[in-house]
Structures are given as C-alpha cells and as structure tokens.
Trainee: 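Structure provided below as structure tokens; questions to follow.
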Amino acid sequence: MAVRGEGVYVWDADGNRYLDFSGSAAVNFIGHGVREISDAMAEQARQLEFVHSSQFTTPVAEEFAQELLDFAGEHFAGGAVYFTCGGSESVETALKLARQYQVEIGEKSRYQILSRQQSYHGATLGALAVSGNRKRREIYLPIVREFEHIGMPYCYRCAFDCTDSCYNCGQQYAAELERAIEAAKGATSQNNVAGFIFEPMSGATLGAVTPPPGYLQAVADICRRHGVLLIADEVMTGMGRTGRNFACEHWGTAPDILVAAKGVSSGYAPLGAVIASKKVVDAIAAGSGAFLHGFTYNAHPVSVAAGRAVLRRIRSLNLVHAADSESAGTAGSALKIALESLRDLDAVGDVRGLGLLCGVEFVADKKTKAPFAPEKNFAGLVGQACQRRGLLVYPMQGCVDGVAGDHLLIAPPAVITGEEIEWAVEQMRAAVLESAAQAR
Ligand SMILES: Cc1ncc(COP(=O)(O)O)c(C=O)c1O
C-alpha cells in the first residue's frame, strides 16, 4: 500500500521507502509530491472543475494546447491538440483521426492501420488490435479486427547478418512496410491503408530498443509516398523522457500525428494528448468541420491544469536536458554509464536505450544469447529482489518471441541524482546475482 511520494521516492504504509527507478511505468518524469502541481490542480478545481467539451472549451485547455504544440516543434505549427485521459484513449483517437482525415480528403477506401510486431499501443480493443505484444493480446484476438503487423528491427537479436550497425537491415524492415501497403490493396488495387502507427523506441515490450540509423527516415518516406499518415506513439518516449522533447527528433522524423500521455501529466492526473499537424487539422476543417469522436472527460480542466503545471516544471528545471544521455554531466548520461557497468554480469546480455528510458536484457547463456526458460520468470525474480532492497523497476517477459526473453525497463524521474543512480544500480547488481543463483 503506497501512501506518500516525494522526489524519486515512494513510501508504503509500513514506512518502507522505495526508489522509483522505473518512474512507476515510465510515467513520472518530474518527481513525486511536487506541491506546485497539486496547487495548480486545486486552484483549477476551485475555479471550474468541469465543463463538457461539446459546450465549452476552457482557458487552461486552450493555453496548454498551444504550449504543447510549441513543445512538439515547428512541424506542428498551426496544428491542434485533442486531450484525453491517457495513452489508450489517445491511440484510439489517433486511429479514428487517421481514418476521418482520409475520408475528408476523398480517400474513402483507406481504413487499415498498419503497425509492428512486438509493440504496445494500449489496452482498449482498437489499441490492442494494432499492438504486437503477444501476451497482452492473445486471448482477445477473436474480438479484434486486425491488419498487418510488420517486423521490427531489434539489433541485439538481429535476424540479418549485419556488419553496419543494422543500417541495411533497417532498410529491409522499412521495405516490409511498403510491401504491406501494396498487399493491403488486395484484388481491388485501391489504396486501403489510412495510417501506420509505431513507437519510435520500443517501450515495455522489447525494453527501450532503439531503431537502427536510417530506419525511421525510410519509414516516414514510404508513408509520405503512399499517402499513409505517420502516427508516432510517444506515450512512453515523449515529453522529454529520451532527452529530446519527443523521441522522433533523434531521427529527424516528423509524424503527422503524435500521441502522448504518461509524461504529459507525470502521473499527477489522468491525461493524454493527440497532437495533430496542420495538414490533418486543415483537412477536417475544410471538410465536415468536426472530428466525429469524443469522450466525456476530454480536456478535463483539472487534468489539463496538472499537465500545464508539469510542462512549466519541465521547462523551469531544464529536465529535458537532464534526461539527455548524449550530454555529459546529466542524469541521462550517469544512468547510461551506471547501467553499462552491469554488462560484466553473466546474466546480462544487453544494456540499451536513450536518455532516461533504458532496458537491461537477461540471458541464460551470454554466448548464444539463449534466454531463460519463461517459467523461471527471471525478470520477475529480479524485480522482486530489487523491491526487497527498496528499488522499483519494471520487469517484462517476451522480448525474444512474445513468450521467452526477460528484461527490465528503467525510467526514473529526471530529478534523480548521480548518487541515487549509483545506489540503484548497486541494488540491481545484487538482485541479478541473487536471482541468477536462484534460477540455475
Ligand atoms: C507506447 C504506449 N502506448 C500506449 C500505452 C497505453 O497507455 P495507457 O496505459 O495510459 O492507456 C502505453 C502504456 O504503457 C504505451 O507504453
């Protein structure tokens, strides 16, 4: 039972303190218990707790929308923001927005959304349909409508024999998208694909796998050539987590629709945002004039007030820079150095990631990269051993083939200090050694 949070720490009801090394689930970016956020929420609740978006907008929603557009960069100038209550709602919104965009511009045959294997886009049925996370979707498959899931580059377990940092295989994976767009035409030879959704960096499913050089640029180019909207799911990677405002910036890729949640409110309130570029907004404005979609709690004033205060905090403490692992002296670079030190452990096969979104993959045999037997639940064992030491991490299984493969996702708040990182990685080391002894 958690009862209190402050900075990078959470306390349970028995008074035990835990260092939140996974930001809960890559949610918390500004630290727990920040008074100015709860003050902004309370002030908004006192002033106006709720109005329905069919009747009103609010100053806080309008102002925060503009601030988010600015934060998303010049590619989104003249765009618009649609606020939801989280990641899954935002993904559903983005999928419907892509379909409506195509209808508005006269491409009525386009309805399919392509996506990738080993991905996660949310728990609702539309989001689950485009997800590739086998465990999380398997039993629901009979009730979802599915389109093609293409392969995804995963350099540590590259299926191609690469000697060029996976540049060439990245191009081959991108070419799968072009083939899937062509295949979706079927016998009709009509264009049927409305959008392609992807995580710029894998989140929980593969544990912070980064794309090879040139891959995302190639994917963006294919989408542009085929009139397919590019939808970046930055629910985990957005709002500074990877050391850029949005992770797509690392690869110079500008999506048509950007999906954000988690870090948008840093967990202080349920909030997600779909950031649409001008091209998408203009198509609807010039067509039917309204997006045919809505949740009761769209742009909830208290949630939006939390988001706005969080973005101010991110800016005033320069937290995007703090997360940047490519800049010396930052929390991001300290995390990278500390996690890299775990490579000497027999059970650690790979350490990867960017900024404050990292993954540590475990193997039973380092040479062959053979994973632990899934029933050993190795990541779960490490997670429990960490927790006994007062450290919270995010254990996952299935990175190899959807079932086998163990890894941890590490995503601490950006206010973490170098000493806290060192202490946390010492606990991880001890937890891995203890779990390896238990698993053998
Ligand atoms: C990339 C990505 N998209 C979507 C979601 C779904 O977000 P939520 O759990 O807020 O509905 C998640 C959740 O982990 C995610 O990581």
Side-chain angles (χ1 to χ4, degrees), residues 20 22-29 82-98 113 115-137 140 144 149 152 154 195-211 216 230-242 246-248 250 253 255 257-275 295 297-298 300 303-304 306-307 310 353-359 392-399 407-411:
D20 188 0
S22 59
S24 301
V27 174
N28 190 302
F29 190 60
Y82 196 92
F83 289 112
T84 70
C85 294
S88 303
E89 279 192 7
S90 293
V91 167
E92 298 291 337
T93 301
L95 305 186
K96 288 172 76 176
L97 186 58
I113 307 285
S115 61
R116 302 191 300 176
Q117 296 154 11
Q118 292 284 53
S119 59
Y120 184 63
H121 297 292
T124 49
L125 293 176
L128 211 55
V130 293
S131 296
N133 185 310
R134 222 170 114 186
K135 272 195 182 165
R136 290 182 178 176
R137 40 189 250 119
Y140 303 108
V144 297
H149 294 80
M152 131 122 98
Y154 177 12
F196 171 65
I197 186 165
F198 70 104
E199 296 162 90
M201 260 173 84
S202 170
T205 313
L206 291 184
V209 162
T210 53
L216 284 185
L230 188 64
I231 307 169
D233 180 348
E234 296 233 22
V235 166
M236 238 189 216
T237 55
M239 303 307 295
R241 166 76 45 208
T242 71
F246 287 94
C248 278
H250 287 287
T253 305
I257 300 174
L258 199 47
V259 181
K262 297 190 187 254
V264 177
S265 69
S266 230
Y268 282 77
L271 183 64
V274 179
I275 306 173
F295 301 107
Y297 289 134
N298 284 151
H300 192 287
S303 293
V304 172
V310 164
L354 262 178
L356 293 172
L357 188 66
C358 293
L392 303 174
V393 293
Y394 187 153
M396 278 292 286
Q397 281 196 297
C399 54
H407 62 273
L408 298 185
L409 193 70
I410 304 297

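We count ligands from 1, going down the list as the structure has it; atoms in each ligand are counted the same way.
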Trainee: Should S202 and Q118 count as side-chain neighbours, where that means a heavy-atom distance under 4.5 Å?
Mentor: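 No - every pair of side-chain heavy atoms lies 4.5 Å or more apart.
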Trainee: Identify the heavy atoms of H149 and S131 that sit nearest to each other, and give their distance.
Mentor: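 Residues H149 and S131, closest heavy atoms: NE2-O, 3.0 Å.
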Trainee: Is L97 close to Y82 at the side-chain level, that is, under 4.5 Å between some pair of heavy atoms?
Mentor: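 Result no, sub-4.5 Å side-chain heavy-atom pair not found.
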Trainee: Just so I know, are the side chains of S115 and I197 near enough to count as touching, which here means a heavy-atom distance under 4.5 Å?
Mentor: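 The answer is yes, as the side chains (C-beta and beyond) meet within the 4.5 Å cut-off.
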Trainee: Count the heavy atoms of every other residue, nucleotide or ligand shown that sit under 6.0 Å from CZ of F295, and state whether that count exceeds 12.
Mentor: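 Correct, the count exceeds 12.
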Trainee: Would you say the side chain of F29 lies within less than 4.5 Å of the side chain of M239, judging by non-hydrogen atoms?
Mentor: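 A side-chain contact under 4.5 Å is absent here.
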Trainee: What residues sit with at least one heavy atom under 4.0 Å from ligand 1?
Mentor: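 Correct list: G86, G87, S88, Y120, H121, G122, E199, D233, V235, M236, K262.
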